[in-house]
Each structure stands twice: as C-alpha cells, then as structure tokens.
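Presented below is the structure to which this report refers.
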Amino acid sequence: MEHLRRNKIVDLLQSKEYGSEVLVKGWVRTKRGNKNINFIALNDGSVIHHIQVVAEVANFPEDVLKLITTGSCIAVTGILVASMGEGQSVEIQARNIEVYGTADPETYPLQKKGHSLEFLREIAHLRPRTNTFGAVLRIRHAMAFAIHKYYNDNGFYYIHAPIITGSDAEGAGAMFRVTTLDDKNPPLMPDGHVDYSQDFFGKETKLTVSGQLEGELGALALSLVYTFGPTFRAENSNTPRHLAEFWMIEPEMAFYDINDNMDLAEDFLKYLMQYALDHCYDDLEFLNKMYDNELLDRLKQVISTKFERLTYTEAVDILMASGQTWEFPVSWGTDLQAEHERYLVEKHFGKPVILTGYPKDIKAFYMKMNEDGRTVRAMDVLFPKIGEIIGGSQREENLDALLKRIHEMNIPEKDMWWYLETRKFGTAPHAGFGLGFERLILFVTGMSNIRDVIPFPRTPKNAEF
RNA sequence: UCCUCCUUAGCUCAGUUGGUUAGAGCAUCUGACUGUUAAUCAGAGGGUCGCUAGUUCAAGUCUAGCAGGGGGAGCCA
C-alpha cells in the first residue's frame, strides 16, 4: 500500500484536488451529528481554520467514534471532496480513523465554547490549542522571523549577548541572582556577607536586564548589529505590560546619530506591521473580530502615517497649554507620566510619537549630552494603546564626558572597565534602541494583557509551567 | 509596592433588608433527530459558596486577616 504523507490543513483548505486521497492529523475541536453521520472539526495548528471530517456512522466501529471527543488527537485518511454543507468549501470523507490520544470529556478543561483569558492562563499547557492562542503564537513566530529578516536584509549582524552577566551596571532595574552556592550554608566573608569568590564564576552573577552594552561592543567592530534574546527584571511589577522574563530586540549602529536612529526605528516598526498584514491576515482577522475591532485599521494607519517627532521640551509646552487636569502635574524636568504620553499619542496627534531631548537627570548615564548641557539625545517611541514601545538614544562616545556622567550618577567605574575601553580605543559615534518583543506582539495582536502574548509568562508569584 | 474591585457547579455568572432543601446558561452523561456549522430538542447527574477566625438564635450574604486573580498607578521594554 502506498504510504501517504501527512497533509497540512492549511494546504488542504486551499486545494482543488477533489477526489484525491489525503491524510490529516490533528486535534478535535468539536464533533456533532446524528445517528447516521458525524462531523468532526479538526485543527492541526497550521492555520486558524479547521477542516471538516465527515464520518458515516455505519463505516466505523461505534467504540472508535465514541473516543473522538473535543481535545482528542486523531489521524484521518479519506477523500478530499467539495463540501455539501454551507460553512466550508472542502471537507474530507473519512475512510479510516486512527485515535492517537483520547481526551476524557469529563475532565478535559477546554470546551467548545469560549473561555476567559484569565482561566486560560491557569491552563497555559493547553491554551495553545485554542483559536486565540494559536493565532497569537503564529503571529509571534512571524514577528520573530521578520525581525531577523529585516536586519539580515539591511546588513546587520546578529550578536548573542550573554544571559548570565557579572555586570550590574546597566541600571535598568532589579536583577535575579545566579549562583550554585549552598543556599543553606553559603561561604561567608569576615564581615558576614556571602563570599562570591567561591561561587561558580568566582564573582557575583545575575541574569541580564539588557544586551545593550554588549551590543555596543559589537557595533564598534561590525558597524551594524542587533541582539534578540531573553532579558530579566526582578521588579515587583503587576501590570498588563510587564513581565519578569521577556524578549528584547536591541539594534546598535556605529556612525548613526539620533536622527538616523529614529529613521531606523520608524522604518523597522512599519516593516513589521506590513509583514504581519502580508503573512498573518487570517489570524489578524480573527483577533480583529473577537478582541479588537480597530486592530486592522490601527496597523494600517501606523504603516501609512509619518510618526510625529518632537522634543521633550515641546511636549511639555503642549501638555501645559492643553487645559487638561492631570493627576500628576507637568513641569519641565519631571518624567512624563502614562496619562501625558497617552494624551500626546491618542488625543493631540492621533498617531505614533517619537520624543527626543529628555532632561539628562531622568535618563541613563550612557546617553549623549546635547549642546545645551541639560538634555540628552534620548528617544522614546510612543504607540497608541500600549505607550512606550521603544526606548533608545545616541550613545556618549567621548570618554571624558562619559566618565563625568558615571561619577555624577555614582556608577561603579571599575565594573565598567571593558565598556569604557571602547571609548578609549577607536571610539565612534553610535546609537541604538531597545524594542520589547512582547509589547510589539501586544500591539500587533490587539491583545490587552502581556501574559497572553508569551507562551509561558513569568510574573511575580507565577512560574508554574 | 500603592489604590481599587473580584473569588459560588468543569466554564461564565445570578443569589433580595442575614432565614430553613443554593439557581441559570453553557459543558458533561442518557435519549431523539437523514448534512451539521460554537447543531437542535428532551431528560439526568454535578456545589465543603477561596482559606482561617469572628459577630449572630441563624452567614454564600456582615467584620478582620491571609491567599490567588482583574483593573488603575509606579518602575520600565
């Protein structure tokens, strides 16, 4: 007998080869019918749509049909035919059905009807089998691939920044410690502190909060580089926009100034939106219908409009002249609050905004000082619905200026020796930014909670799966 | 971490001024139905009301603490 290769449902749904024998394997979403005929909606994750398998009851043992319940996994051989029913163009007339795995309907937690996203978070091991998470995970994959494609096509090199780091000077928040010391009886120094010189790496190590500093090292040799990896923040953040473990994309470019940096950020984001529309339309359409009726329009709008670029100082003027009452009053020198950013993006301009020229005191030590001596060449890209999606800057390439900032901000200089040497030997103007991958996926999918755009979210009090 | 709301059947939720055997829809099971589209129709089973303590003759209902979750804020991506 001829060996049949498994057909993917995404291909069969577009096939016109009626009468040919096919083999599909997947998970049952629903079964319905009567004493003569059963209809099985089968999904294999290759596409959001299901294929309908038609089983004449007389052709199958009763005990086999009985095992085919929501959640079970089956393999079906049969004939691809034009559907006699209304809801689909093709279907499979089943010849043979093999049950790979049953799913006891009394205890299988996913049912035919919809579930709340909160409930699905409690069964993160099974939620990829839902339409929503299938769509989100396919889009997440497409965006990861598109990011690599964009940078590769534009001459960037992918740099792998370390995940375990001995440097805690990035200043981007609290870090998770990495150690192999005995947690009950660690070696101590005379002053009572843990003696990390006896630890695995001979020093205290943490999980990285950013690959930026290593990215800069790469850019000052390969000119155009990017990192794309997991990052970790031990902040007790309980919001729909924060994770303790998230993925970040950080391009770093030698010979770019702040304007080149903004151009890249805008072009990059628009490319990703267009890629999603070109490659994930079925999934986006589903999410648009089920969760966010403005999703498709919003993606198209971002692609077609020029992002508004203005300085922090101009933004403060607009906010103070707006006549709005703020929970947090606006004044030059204080950081903008979520309500201020939202006003600028959603009310005043009605499109994405790039803010530059922030006061030096509210930004990181490595950002390049402007001529005025009080603002730095930072840039934040603000998006509707999710706020800050990108943060970046032109970097301070002058060794003396950088040292001055390090001293002002009490950053331990000795831990930074390798970073500072790039300014000592062949320094160059350069710039870069960080894009939170999950925030991008939030925007592209229209989902409202970041826990629903990563397969297994890590948040305070939650590392179950 | 702060503010606020929530926790009752497998799921989504009702539950009156505290009152006796705790309700619905969906799911599940049984049956009916000659092509269904989250099928439909009929019937059945299913609950330590988040946990602990308190007030009261009496607590799903009131109070406190704890745990978990949602929304908003801060930190940020």
Side-chain angles (χ1 to χ4, degrees), chain A residues 29-41 49-58 66 69-71 81 83-89 91 93 103-123 130-131 170-174 209-212 230-250 265 290 326-328 335-342 362-364 380-383 386-392 433-443 448-454 459-462 464:
Chain A
R29 291 297 176 77
T30 69
K31 185 179 73 167
R32 44 181 182 264
N34 52 52
K35 66 183 176 188
N36 296 314
I37 190 164
N38 278 186
F39 301 96
I40 300 160
H49 307 296
H50 314 142
I51 198 161
Q52 174 154 286
V53 174
V54 184
E56 303 278 350
V57 171
K66 206 161 174 133
T69 58
T70 299
V81 297
S83 178
M84 296 162 64
E86 288 294 315
Q88 57 282 318
S89 56
E91 63 189 22
Q93 284 286 347
D104 175 17
E106 297 273 9
T107 51
Y108 184 64
L110 289 170
Q111 50 190 48
K112 303 172 189 180
K113 297 243 173 179
H115 294 286
S116 69
L117 294 169
E118 288 85 355
F119 173 67
L120 292 174
R121 277 173 217 148
E122 296 171 9
I123 51 167
T130 62
N131 291 335
E170 286 99 334
V209 293
S210 163
Q212 181 197 313
T231 51
F232 307 87
R233 306 274 167 95
E235 303 284 351
N236 191 10
S237 298
N238 295 286
T239 86
R241 297 177 307 283
H242 292 84
L243 291 165
E245 175 181 300
F246 65 101
W247 290 66
M248 191 150 62
I249 300 101
E250 293 177 288
M290 299 299 288
W326 307 109
E327 187 185 345
F328 298 93
D335 209 354
L336 298 182
Q337 303 295 314
E339 58 174 338
H340 307 136
E341 297 182 348
R342 205 173 302 126
I362 59 173
K363 288 293 181 184
D380 283 3
V381 181
L382 310 179
F383 258 36
I386 55 170
E388 183 181 340
I389 191 169
I390 277 179
F433 60 80
L435 168 67
F437 186 53
E438 284 75 18
R439 290 202 180 162
L440 170 77
I441 306 302
L442 267 184
F443 186 78
S448 50
N449 193 311
I450 202 163
R451 298 172 180 97
D452 298 327
V453 297
I454 185 168
T459 52
K461 301 281 182 342
N462 184 5
E464 181 68 25

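Model, not experiment: these values are computed from the prediction.
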Span that lies between the P atom of U8(B) and that of G47(B), in whole angstrom = 15 Å
So, Phe246(A) and A77(B): ring centres less than 5.5 Å apart, planes less than 30° off, yes or no?
-> yes
Taking atom C1' of U12(B) as reference, at what distance in whole Å does atom CG of Leu117(A) sit?
-> 13 Å
If U1(B) has a Watson-Crick or G-U wobble mate with both distances under 3.5 Å, name it; if not, just say none.
-> A73(B)
Could you work out the separation of A24(B) and A9(B) based on their C1' atoms and round it to a whole Å?
-> 11 Å
Decide yes or no, distance alone: a donor-acceptor N/O pair under 3.5 angstrom between the base of U12(B) and the side-chain of Glu118(A).
-> no
Check: Arg241(A) side chain, A77(B) base, donor-acceptor under 3.5 Å | no
Quick one: on RNA chain B, does Glu56(A) or Tyr108(A) contact a more 5' nucleotide (nearest heavy atom)?
-> Tyr108(A)
When you measure from the side chain of Asn34(A), which nucleotide among G70(B), U34(B), U1(B) comes out closest?
-> U34(B)
Of the candidates U36(B), G71(B), U28(B), the side chain of Lys112(A) sits closest to U28(B)
Counting N and O atoms only, with roles assigned by atom type, does the side chain of Thr69(A) sit under 3.5 Å from a partner on the main chain of Ala103(A), one being a donor and the other an acceptor?
-> yes
Integer angstrom distance from the P of A22(B) to that of A64(B) | 28 Å
Is the shortest side-chain N/O distance from Arg342(A) to OP1 or OP2 of A73(B) below 4.0 Å?
-> yes
Could a donor-acceptor pair under 3.5 angstrom be found where the side chain of Asn238(A) meets the base of U1(B)?
-> yes
Write down the distance separating the C1' atoms in A32(B) and G70(B), rounded off to the nearest Å.
-> 43 Å
Which one is paired to A42(B), where only Watson-Crick or G-U wobble pairs with both distances under 3.5 angstrom count?
-> U30(B)
So, do Glu327(A) and Glu339(A) sit near enough that their side-chain heavy atoms are less than 4.5 Å apart?
-> yes
Between G50(B) and A59(B), how far apart are the C1' atoms? Round to whole Å, please.
-> 16 Å
May I ask you to evaluate whether Ser116(A) reaches the phosphate of U12(B), defined as a side-chain N or O under 4.0 Å from OP1 or OP2?
-> yes
Euclidean distance for C1', G69(B) against G31(B) (whole angstrom) = 40 Å
Gln52(A) CD to U36(B) P, in whole Å, measures 10 Å
With the side chain counted from C-beta on, respond yes when Asp380(A) and Lys363(A) share a heavy-atom pair under 4.5 Å apart, and no when they do not.
-> yes
Given the P atoms of C51(B) and G10(B), what is the spacing between them in whole Å?
-> 13 Å
G68(B) - base-pair partner by Watson-Crick or wobble geometry, distances under 3.5 Å | C6(B)
Check: G35(B) base within 3.5 Å donor-acceptor of Glu91(A) side chain | yes
So, does the side chain of Arg439(A) form a donor-acceptor pair with the base of C76(B) at under 3.5 Å?
-> yes
Listed nucleotide nearest any side-chain atom of Asp335(A), set U28(B), C76(B), U34(B) | C76(B)
So which nucleotide from A73(B), U34(B), A77(B) ends up closest to the side chain of Ile450(A)?
-> A77(B)
C1' atom, G19(B) versus A73(B): distance in rounded Å?
-> 43 Å
For A53(B), what is the paired nucleotide under Watson-Crick or G-U wobble rules, both distances under 3.5 Å?
-> U63(B)
Could you give the NE2-to-P distance, from His340(A) to A73(B), as a whole number of Å?
-> 12 Å
Counting just side-chain N and O atoms, does Lys66(A) come under 4.0 Å of either OP1 or OP2 of U30(B)?
-> yes
Nearest listed nucleotide, side chain of Gln111(A), among G74(B), A77(B), C11(B) = C11(B)
Within the pair Asn449(A) and G71(B), is there a side-chain N or O less than 4.0 Å away from OP1 or OP2?
-> yes
Measure from the side-chain N and O atoms of Thr459(A) to the backbone N and O of Leu243(A), and report whether any donor-acceptor pair falls under 3.5 Å.
-> no
From Ile40(A), Asn131(A), Thr30(A), residue fulfilling side chain to side chain contact (heavy atoms under 4.5 Å, CB included) relative to His50(A) | Asn131(A)
Side-chain atoms of Pro105(A) come closest, of A77(B), C29(B), U36(B), to C29(B)
Starting at CD of Glu341(A) and ending at P of A77(B), how long is that distance when rounded to a whole Å?
-> 11 Å
Starting at the 5' end of RNA chain B, which residue's closest nucleotide do you reach first, Glu388(A) or Val54(A)?
-> Val54(A)
Separation between CE (Met84(A)) and CD (Gln52(A)), nearest 0.5 Å, reads 11.0 Å
Partner of G25(B) under the Watson-Crick or G-U wobble criteria, both distances under 3.5 Å, comes out as C11(B)
What nucleotide, of G74(B), C76(B), U36(B), holds the atom closest to the side chain of Phe39(A)?
-> U36(B)
Among the nucleotides G70(B), G74(B), G35(B), which one has an atom lying closest to any side-chain atom of Arg121(A)?
-> G70(B)
Ala338(A) has its side chain closest, among A77(B), C11(B), G74(B), to G74(B)
Among U34(B), A73(B), G35(B), find the nucleotide with the atom closest to the side chain of Asn36(A).
-> U34(B)
The Watson-Crick or G-U wobble partner of U36(B), with both key distances under 3.5 Å, is none
